[in-house]
Amino acid sequence: MEDSLRPRPGEVPDKPVIDGLEAIWLERWDDAATYRFDRGASRETIYSIDTPPPTVSGSLHIGHVFSYTHPDVVARFWRMRGRDVFYPMGWDDNGLPTERRVENFYGVRCDPSLPYDPTFEPPEKPENQKVAISRKNFVELCHILTAADEVAFKNLWRHLGISIDWSLEYSTISEHAQAISQRGFLEMLRRGEIYSLEAPTLWDIDFRTAVSQAELEDRERPGHYHRVSFVRANGEGVIEIETTRPEMLASCVALVAHPDDERYRPLFGTDVVTPLFGAEVPILAHELADPEKGTGIAMICTFGDTTDVTWWRELHLPTRALIGRDGRFLAARFGDDDWPTRDPAAARDFYGREIEGKTVNQARTAIVEALRATGALVGDVRPITHPVKFYEKGERPLEIVTSRQWFVRTLDHRAELLARGDEIAWHPDFMRHRYRSWVEGLNQDWNISRQRFFGVPFPAWYPVDGEGEVDFDHPILADVNTLPVDPSSDVPPGYAEAQRHQRHGFVADPDVMDTWATSSLSPQIAGHWGSELFGRVFPMDLRPQAHEIIRTWLFSTIVRSHFEHHSVPFTNTLISGWVLDPDRKKMSKSIGNVVTPMPLLEQHGADALRYWAASGRPGADTAIDEAQMKIGRRLAIKILNASKFVLGRLAGDAIPGPEEVTLAIDRDLLALLGRLIEETTANFEQYDYARALERTESFFWSFCDNFVELVKIRAYGEASDPATRSARATLAITLSVVQRLFAPVLPFVTDEVWHWWHEGSVHRAAWPTTDELGSLADGPPGSIYQPVCDVLEAVRREKSTAKVSQRAAVSRVTLSGPGEFIDAVRAGERDLRDAGVVDSFALSDAHEVTITVALTSP
RNA sequence: GGGCGCUUAGCUCAGUUGGUUAGAGCAGCUGAUUUACACUCAGCAGGUCGGGGGUUCGAGUCCCUCAGCGCCCA
């Protein structure tokens, strides 16, 4: 501690208050650039954080307070440990959530076929009928709205005291992020880690885009089993199958049963004829056919579900695609080579009349009626409940539509990706299982194409030949030095704009990237990949995030880093749990139990909300608990008052150092303080901020209620008395340590009280070490202090039981116990006399400790 | 179907490698009251640690099993 340190005159208020501190300190931190990252720092001293860029189009909720407080507490710890903390903030503004919000907010929809209208103004109020606008107009509105949303988020982070360096702010739709994202794409493509393929893909018919495996979810939905009979091609009998999707019958290309299924074994290789459409299709064997399901034999359609795709691929079946991008049935040319039938006229007539252009539900009704009429429907339809694949943001089941998509190879690298996961320290450790089970369950490469508008475009065009055919196998790629590009308005190298959509010209890749394809590069975006800085912040030291995006953000970041840098993207990941409503239910918009943070923040204060958040351990789901916030607020007020008291005792003198701590009981308290420092430091190093807080808090309340009460009168003595100086030094040293131990969780109140006697912010002060405490007593910490507290407690109990004031006098305290107990009491006798208003002590040796308190008669 | 987590006082949660009589806060009850703090302090009461079995001198903690809740993956 510096010699010149002393309470600063006029700084300690007579009546300290908690309200209003936030505005004062936010401004001071801005002015002093307290959280500014030192761009010249070396890799060894840097602690870098890969902050989650929140989806700004979603609404702010209390979960944001919870999960962003955790990494901030960690950041503040490492900053005090002397690390140069790289703590950027990003906004994830590209992607479907923003598009949907813009559509609803302005009452518009994007129609890419329309020309740009530079004079377009959105309707004042959104109408029911959405206004169709060009892609460029639409993207402009996306930018306007996300900019406004980002302000709301930034206000919350600031108000909460998140120690971000705002000069490191980025957004995923910015030109910088687009350039990084496009460069990442080109690099992977060059190395063969990305390929494009025209293939059956899970497709959302409402959003009209492909979706990836990571965006899927199974939902239990009611359905019906329909038993349908197929006549054998040789006329000898029928085969009955069961299906939940009879409307797909026209695209049936085979029947399939398990190879070991004795019922169907003799039939493998023979043909059957589809009802209504008269197509001859083979009976095949495949182990994915479940003998227990239905009749044990299924029809394969192109494509009713993902198993159909597997069968189609592995059994080399023809394609008869039926479902279009809008979810309606396409034309089917029965009688052509691709569409065999025994009766082209009948098949065409029925299909054209009842199926073509219809929705799935309409077609199902028509097919079921027709099957029933022809007798091919056997028995009654049977209701069932079964899992159906949905887009996580979608409302109708996914269809499978053939389209051209870009894919990242993940399946071939499963083992390496699993090994990367094992290189990372997970907090809590068990969360690594989430990653492992996801990677082990991968069943398709990562589809990064989305048929949407507000996102990062692929930096690619395709040549058009003399026949007007697009050559998708030879994309024209952007020069990496020209990034970012928008192929829909930029022209590929060697071409002119006039050649767009022309023979011997080019067309642009129409798609944008999956939002995760960009946010998976958050370390590269925030750390400015390509610049010298990147090598000093990457791999990041910490990735904080929520557990529900392990399979998306965390996984995809590992994929990119593995391919690009042959490294993990971060060495630690801190997984926060969910915030549950007060009834321990998950918050969700549909239930309507979402809690917004601002009213709570204004009512209880930022330190109080942070206290609540920091009480939730890593990975633990935590209920909103206003009682806990009130406790946090009370703690902050206690810190103010305790600081005021201790600094008041110093009477403007220079702060005494540890050499002044001469009394055994005082040295023992510092020994306990030393143990606290060691334990909480170890807790923080292991990302267990909640335990560190709990320990500090428990120490602090005991310090206030017991130690301060014991030494209060001694501390009021003459400065010439070594015992007084010892008390004051102990109080000051402990206060200094406790203020710093609380600083990561309670940044506002701790900087306020620190400022009463220090220059500079507590958040730039050194994390406490036991070196500050001087040489400590030999015995186990607490060997004097604890017995003295026990005696104090006995005195208090006696007074409480007698229902008299704690200041009532005690005539005699009679104590007996082992030698070390007696010695401890002797060491604290003066303080006990003061604090307990005790007249005399009688001490004697004994095996057992007994304490008897005799009150002075009134 | 496979996996992970949780189950401790009325409520919210601690309980580190197995080791005195299982802890804290809140709520409850009984009191105190002015030189840091009524946004305070003291005291009291409250638990067969989800059920069952096992290992051990000793189990909230380790093993097996069952149940309930939540989640992840298929």
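Just so it is clear, the model here is predicted, and its values are computed rather than measured. Convention: sequence-line order gives letters A, B, ...; per-chain numbering from 1.
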Any base atoms under 4.0 Å from V17(A), or only sugar-phosphate, or nothing? Heavy atoms, all strands.
nothing
Could you tell me how far apart W756(A) (CH2) and A36(B) (P) are, to the nearest whole angstrom?
14 Å
In whole Å, measure the gap between the P atoms of G15(B) and A9(B) for me.
15 Å
U40(B) pairs with, by Watson-Crick or G-U criteria that keep both distances under 3.5 Å:
A32(B)
Using the P atom as the point on both nucleotides, what is the distance between C26(B) and C44(B), in whole Å?
15 Å
R551(A) charged N/C atom sitting above W446(A) aromatic ring, 6.0 Å / 45°
no
Check whether any side-chain nitrogen or oxygen of R551(A) sits under 4.0 Å from OP1 or OP2 of C72(B), and answer yes or no.
no
Please give the nucleotide sitting opposite A24(B) as a Watson-Crick or G-U wobble pair, both distances under 3.5 Å, or none.
U12(B)
Between the side chain of S67(A) and the main-chain N/O of G63(A), is any donor-acceptor distance below 3.5 Å?
yes
Closer than 3.5 angstrom, by distance alone: can the side chain of K389(A) be matched with the main-chain N or O of D218(A) as a donor-acceptor pair?
no
When the distance from OH of Y716(A) to P of U35(B) is rounded to whole Å, what number comes out?
8 Å
When rounded to the nearest Å, what value does the distance between P atoms of A24(B) and A36(B) take?
27 Å
Would you mind reading off the distance between W701(A) atom CH2 and C37(B) atom P, rounded to a whole angstrom?
14 Å
How many Å lie between CZ on R633(A) and P on U40(B), as a whole number?
11 Å
Closest to the S437(A) side chain: A36(B), C41(B), C72(B)?
C72(B)
Output the rounded distance in Å from CZ (R434(A)) to P (G3(B)).
15 Å
Heavy-atom nearest nucleotide on RNA chain B taken for V804(A) and for N706(A); more 5' hit belongs to V804(A)
Would you check, one step at a time, whether the test ring-ring contact (aromatic ring centres under 6.0 Å, His included) holds for W578(A) with H547(A)?
CA-CA 8 Å; W578(A) 271 325; H547(A) 54 66; 4.6 Å; yes
In whole Å, I'd like the distance from the CG atom of L580(A) to the P atom of C69(B).
16 Å
If I pick the C1' atom on C49(B) and the same atom on U8(B), what distance separates them, to the nearest angstrom?
4 Å
Kindly confirm or rule out a cation-pi arrangement of K293(A) over Y225(A), judged by NZ or CZ under 6.0 Å from the six-membered ring centre and within 45° of its axis?
no
Between K644(A) and K803(A), which is nearer to the 5' end of RNA chain B once each is assigned its nearest nucleotide?
K803(A)
Contact class for D218(A) vs. all strands (heavy atom < 4.0 Å): base, sugar-phosphate, or nothing?
nothing
Quick one: which residue pairs count as a side chain to side chain donor-acceptor pair (under 3.5 Å) with a foot in residues 412-424 of chain A, not counting sequence neighbours?
H413(A)-E416(A), E416(A)-H562(A), R420(A)-E423(A), R420(A)-H562(A), D422(A)-R436(A)
Axial cation check for W553(A) ring with R543(A), 6.0 Å and 45° limits
yes
Output the single nucleotide from A74(B), C71(B), C37(B) whose closest atom is nearest the side chain of K15(A).
C37(B)
To the nearest angstrom, how far is M431(A) atom CE from G5(B) atom P?
10 Å
For C29(B) and C37(B), measure between their P atoms and round to the nearest Å.
27 Å
In whole angstrom, give me the gap between the P atoms of U20(B) and G3(B).
35 Å
Among A74(B), A42(B), G43(B), the nucleotide that comes nearest once only the side chain of Q213(A) is considered:
A74(B)
Measure NZ/K638(A) against C1'/A36(B) and give the value in whole Å, please.
8 Å
Establish whether the base of A32(B) is bridged to the side chain of S805(A) by a donor-acceptor pair shorter than 3.5 Å.
no
It should be established whether K799(A) places a side-chain nitrogen or oxygen under 4.0 Å from OP1 or OP2 of nucleotide C44(B).
no
Selection from A42(B), C71(B), A36(B) that lies nearest to any side-chain heavy atom of R649(A)
A36(B)
B/S/- along nucleotides 12-29 of chain B (protein heavy atoms under 4.0 Å) is SSS-B--------SS---
Separation between the P atoms of G43(B) and C69(B), rounded to whole Å:
42 Å
NA contact type, E709(A), heavy-atom cut-off 4.0 Å: base, sugar-phosphate, or nothing?
base
Span that lies between the P atom of U65(B) and that of C4(B), in whole angstrom:
12 Å
Hey, is the main chain of D751(A) close enough, under 3.5 Å, to the side chain of H755(A) for a donor-acceptor pair?
no
For G161(A), does its backbone N or O pair with a side-chain atom of W25(A) as donor and acceptor, under 3.5 Å?
no
Pairing partner of C6(B) (Watson-Crick or G-U wobble, both distances under 3.5 Å)
G68(B)
For R830(A) and R714(A), indicate whether the former's side chain and the latter's backbone hold a donor-acceptor pair under 3.5 Å.
no
Hunt down the Watson-Crick or G-U wobble partner of G19(B), both distances under 3.5 Å, from any strand shown, or write none.
C57(B)
For a quick test of reading the model: is some side-chain N or O of K712(A) closer than 4.0 Å to OP1 or OP2 of A36(B)?
yes
